[in-house]
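In what follows, a structure is listed as structure tokens, so that the remarks can point back to it.
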Amino acid sequence: MNKNILITGGAGFIGSHVVRNFVNKYPHYNIINFDLLTYAGNLENLTDIDSKSNYTFVKGDICDEKLLAELFGKYNFDGVIHLAAESHVDRSITDPMSFIRTNIVGTVTLLNAAKIAWKDNWEGHRFYHISTDEVYGSLGSEGFFYEDTPYDPRSPYSASKASSDHLVRAYNHTYGMPIVISNCSNNYGPNQFPEKLLPLIINNIKNSKALPVYGKGENIRDWLYVEDHAHAIDLIYHQGKNGETYNIGGGNEWTNIKLVHKLCEIMDGKLNRTPGTSAQLITYVKDRAGHDLRYAIDCKKLESELGWAPTVTFDEGLEKTVNWYLQNIDWMQNVLSGDYEKYYLNQYQKR
Ligand code: NAD
Ligand code: DAU
């Protein structure tokens, strides 16, 4: 069946993998990628599919009510997959307002645009909101986040995402809008902006720069290869139950310091360095304010109800990821130009 689908934030890291999967897998769908192209948005992420006839890019802001009304009028969307967001925790600590604006005001502006365009006639429509495990707070050494774990966001980023989740659920409860939400753990893979741990460490190892590890490096994250997340999003968009939430995770917990050591070993091999060379770059720096200790996801609901499972092992995923960054030097050069240097100095000089 033909469908018009609006994907927001499709020029970003995860969004670009979601757009690629939909454009290639569903040639009969018309995919509209709506993205403001902030520092994190990059059309180079999509050069392999941007000339396909079922793909259109529109530059714009999810806070722009008028532009969204025009877009919904023009394309008569069947569904929305909403990924656009400010996504970096460190930036939310120095500039919370941009997170409030995009993640909260932007999400409710998008919900309103859909509600008006769909005229409260919900048949055949779906609003899918992509969220994070960080809304559940922080765990000690035991336990997992479940879909019904009470929200306890602790950074401006996670508080803004939690707020957007609540608004999406409110539109379901109050107006009956058909919605679905997923909350995923840390993604890694090609095309991630090098402010996030993995691409930052890979790039710094390559350039023999200090590897900044916050605090004692004992914080734990659960890592999932980005294409496995994109496949989960495809499955949930098509088969998820109306009004439901699905957790997505990799079952793959690492302390930051162990992960950085693993990357050092892989990179020593790739760069023909004597084993142990890159690890000498590890530098413990001042901790992130309010740094959540541990995230861990229970995603049995997604596995048992929709049959999802991650397909890429961590070893395979790291191999693909490191190779991609080493082979895509132009991509890295282009994203490192512009404001990156200023951001990097601000973020790390004082630590
Ligand atoms: P990203 O920062 O790489 O990309 C965000 C995209 O949104 C960029 O292309 C940017 O230009 C666009 N954008 C920002 N503000 C916008 C606005 N006002 N209007 C239109 N577009 C705008 O983020 P990501 O890591 O790909 O994350 C995508 C989504 O997935 C986010 O909602 C994030 O909260 C969520 N998420 C991310 C992770 C992760 O590990 N990266 C894990 C779970 C959930
Ligand atoms: O859990 C899902 C979330 O994962 C997403 O919602 C966010 O959008 C995404 O950015 C990510 O958040 P984190 O804060 O976990 O990711 P980040 O890559 O910034 O940091 C991962 C861990 O590494 C975290 O414990 C902080 C630490 N870190 C990070 C950086 C950038 C360092 O030790 N040094 C660094 O330089």
Side-chain angles (χ1 to χ4, degrees), residues 7-19 33-43 45-46 58-64 67-68 81-93 98-99 101-103 105-107 109-110 129-136 138 145 155 157-158 160-161 164-165 182-189 191-201 204 210-224 226 229-230 233 248-249 254-257 259-260 282-288 291-297 344 347-348 351:
I7 300 185
T8 71
F13 166 48
I14 301 170
S16 61
H17 290 273
V18 173
V19 166
N33 173 11
F34 183 74
D35 194 299
L36 186 57
L37 299 183
T38 67
Y39 77 93
N42 185 353
L43 290 178
N45 293 345
L46 291 164
V58 179
K59 182 173 178 195
D61 188 339
I62 52 166
C63 298
D64 187 338
L67 182 55
L68 284 177
I81 305 179
H82 175 38
L83 295 107
E86 288 294 337
S87 69
H88 191 38
V89 174
D90 290 325
R91 288 187 192 252
S92 84
I93 294 167
S98 59
F99 286 69
R101 181 185 179 278
T102 291
N103 298 358
V105 179
T107 299
T109 308
L110 191 60
H129 177 59
I130 308 300
S131 193
T132 171
D133 60 357
E134 301 198 12
V135 297
Y136 298 121
S138 178
F145 296 135
S155 72
Y157 164 68
S158 53
S160 68
K161 290 296 291 186
S164 63
D165 293 11
S182 58
N183 297 77
C184 188
S185 62
N186 286 61
N187 285 215
Y188 71 99
N191 307 98
Q192 189 168 30
F193 193 81
E195 63 190 354
K196 307 280 165 63
L197 184 69
L198 260 92
L200 186 144
I201 294 294
N204 283 15
L211 311 179
V213 173
Y214 296 168
K216 295 180 180 161
E218 284 166 1
N219 303 67
I220 294 173
R221 297 291 182 266
D222 166 33
W223 294 94
L224 178 69
V226 62
H229 188 188
I233 289 172
I248 311 172
W254 287 75
T255 61
N256 294 334
I257 188 64
L259 178 51
V260 171
I282 292 173
T283 309
Y284 291 94
V285 299
K286 187 169 167 245
D287 209 353
R288 173 183 279 174
H291 198 171
D292 286 342
L293 178 65
R294 174 172 168 258
Y295 306 139
I297 274 277
Y344 196 88
Q347 187 60 32
Y348 293 100
R351 285 184 187 270

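Each ligand, and each atom within it, is numbered from 1 in the order the structure gives.
The CD1 atom of Ile62 sits 4.5 Å away from atom NE2 of His82, with the distance rounded to the nearest 0.5 Å.
Close contacts between ligand 1 and Thr38 involve ligand atoms 10 (C), 11 (O), 14 (C), 15 (N) [criterion: under 4.0 Å to a heavy atom]. Set against the non-hydrogen atoms of Leu83, the atoms of ligand 1 under 4.0 Å away are 28 (C), 29 (C), 31 (C), 32 (O). Residue His291 has at least one heavy-atom neighbour below 4.0 Å for each of these atoms of ligand 2: 24 (C), 25 (O), 26 (C). The contact set between ligand 2 and His88, taken as ligand atoms under 4.0 Å from a residue heavy atom, comprises 19 (O). Close approach of ligand 2 to Val89 is summarised as follows: ligand atoms under 4.0 Å from at least one heavy atom of the residue are 14 (O). Residue Tyr157 has at least one heavy-atom neighbour below 4.0 Å for each of these atoms of ligand 2: 5 (C), 6 (O), 7 (C), 8 (O). If you number the atoms of ligand 2 from 1 as listed, the ones under 4.0 Å from a heavy atom of Lys196 come out as 10 (O), 18 (O). Close approach of ligand 2 to Val213 is summarised as follows: ligand atoms under 4.0 Å from at least one heavy atom of the residue are 33 (O). Each of the atoms 40 (O) of ligand 1 lies under 4.0 Å from some heavy atom of Asn186. Atoms of ligand 2 lying under 4.0 Å from any heavy atom of Asp133, numbered from 1 in the order shown and given with element: 1 (O), 2 (C). Of all the atoms in ligand 1, the ones that sit under 4.0 Å from a non-hydrogen atom of Gly60 are 19 (N), 20 (C). Residue contact check: Ile130 has heavy atoms under 4.0 Å from atoms 30 (O), 32 (O) of ligand 1. Close contacts between ligand 1 and Ser87 involve ligand atoms 1 (P), 2 (O), 23 (O), 25 (O) [criterion: under 4.0 Å to a heavy atom]. Of all atoms in ligand 1, numbered sequentially from 1 with element shown, those under 4.0 Å from a heavy atom of Cys184 are 42 (C), 43 (C). Remark: ligand 2 atoms within the under-4.0 Å shell around heavy atoms of Pro212 are 32 (C), 33 (O), 34 (N), 35 (C), 36 (O).
Backbone and side-chain nitrogen or oxygen atoms of Tyr157 are examined, and one is located within less than 3.5 angstrom of a nitrogen or oxygen of ligand 1. On a distance-only criterion, Asn187 and ligand 1 share at least one N/O pair closer than 3.5 Å. Considering both main-chain and side-chain atoms, Ser131 never comes within under 3.5 Å of ligand 1 through any nitrogen or oxygen pair. Annotation: Tyr39 places no N or O atom under 3.5 Å from an N or O atom of ligand 1; distance criterion only. Inclusion of Phe34 in the set of residues having an N or O under 3.5 Å from an N or O of ligand 1 is not warranted. For the pair Asn42 and ligand 1, the shortest N or O to N or O distance does not fall below 3.5 Å. An N or O contact shorter than 3.5 Å links Lys161 to ligand 1 by distance. Residue Ala84 has no nitrogen or oxygen atom sitting less than 3.5 Å from a nitrogen or oxygen atom of ligand 1, judged on distance alone. Between Phe13 and ligand 1, a contact under 3.5 Å exists for at least one N or O pair.
For atom 21 (N) of ligand 1, the closest non-hydrogen atom of the protein is Leu36 N, 3.1 Å. Here the heavy atom of the protein found nearest to atom 38 (C) of ligand 1 is Ile14 CD1, 3.5 Å. Residue, atom and distance of the protein heavy atom nearest to atom 12 (O) of ligand 2 are Glu134 OE2, 2.9 Å. Looking only at heavy atoms of the protein, atom 19 (N) of ligand 1 is closest to Ile62 N, 3.0 Å. Nearest protein heavy-atom contact of atom 27 (C) of ligand 2 is Asn256 ND2, 3.4 Å. When hydrogens are left out, the protein atom nearest atom 15 (N) of ligand 1 is Thr102 CG2, 3.5 Å; that is the closest non-hydrogen contact. In this structure, atom 19 (O) of ligand 2 lies nearest to the protein heavy atom Arg288 NH2, 2.9 Å. The protein heavy atom nearest to atom 4 (O) of ligand 1 is Gly12 CA, 3.5 Å. Among protein heavy atoms, atom 42 (C) of ligand 1 sits closest to Ser185 O, 3.3 Å. The nearest heavy-atom contact from the protein to atom 11 (O) of ligand 1 is Asp35 OD1, 2.6 Å. Residue, atom and distance of the protein heavy atom nearest to atom 29 (C) of ligand 2 are Tyr214 CE1, 3.6 Å.
Using a 4.0 Å heavy-atom cutoff, Glu195 is listed among the residues neighbouring ligand 2. Within the structure, ligand 1 lacks Thr8 among the residues with a heavy atom less than 4.0 angstrom away. Under a 4.0 Å heavy-atom criterion, Lys161 is not in contact with ligand 2. Contact annotation: Ala11 has at least one heavy atom less than 4.0 Å from an atom of ligand 1. Taking 4.0 Å as the cut-off, Gly10 does not count as a neighbour of ligand 1 on heavy-atom distance.
Remark: Arg101 engages Asp61 in a salt bridge, criterion side-chain N to carboxylate O under 4.0 Å.
The closest non-hydrogen atom to atom 18 (N) of ligand 1, taken over Leu197, Leu37, Asp61, comes from Asp61. Taking only non-hydrogen atoms, the option from Gly9, Gly41, Ala85 nearest to atom 14 (C) of ligand 1 is Ala85. Across the listed options Ala85, Ser87, Pro194, Ser87 owns the non-hydrogen atom lying nearest to atom 8 (O) of ligand 2.
Looking only at distances, a side-chain donor or acceptor of Asn219 sits under 3.5 Å from a matching main-chain atom of Asp292. One N or O on the side chain of Asn204 and one on the backbone of Ala210 form a donor-acceptor pair closer than 3.5 Å. A donor-acceptor pair under 3.5 Å is formed between the side chain of Ser138 and the backbone N or O of Leu293. Proximity of a side-chain donor or acceptor of Lys216 to a complementary backbone N or O of Tyr284 within less than 3.5 Å is not detected. Without hydrogens or angle criteria, Asp222 side chain to Gly249 main chain gives no donor-acceptor distance under 3.5 Å.
For Asn186, heavy-atom contacts with ligand 2 shorter than 4.0 Å involve the backbone as well as the side chain. Using a 4.0 Å cut-off between heavy atoms, Cys63 makes no contact with ligand 1 at all. At a heavy-atom distance under 4.0 Å, atoms from both the backbone and the side chain of Leu197 approach ligand 2.
Screening Asp287, Asp90, Asn256 against Tyr214 for a side-chain hydrogen bond (donor to acceptor under 3.5 Å, both in side chains) leaves a single residue, Asp90. A side chain to side chain contact (heavy atoms under 4.5 Å, CB included) with Phe99 is found for one member of Ser87, Ser155, Ser92 and no other, namely Ser92.
For the pair Arg91 and Tyr39, the cation-pi criterion (under 6.0 Å, within 45° of the ring axis) is fulfilled.
Side-chain contact annotation: His129 with Ser164, donor-acceptor N/O pair under 3.5 Å present. At a cut-off of 3.5 Å, with distance as the only test, a side-chain donor of Asp165 or Ser131 sits close to an acceptor on the other residue. Between the side chains of Tyr157 and Glu86, no donor-acceptor pair is found at a separation under 3.5 Å.
In plain terms, the two heavy atoms of Thr102 and Ala85 that are nearest each other are CG2-CA, 3.8 Å.
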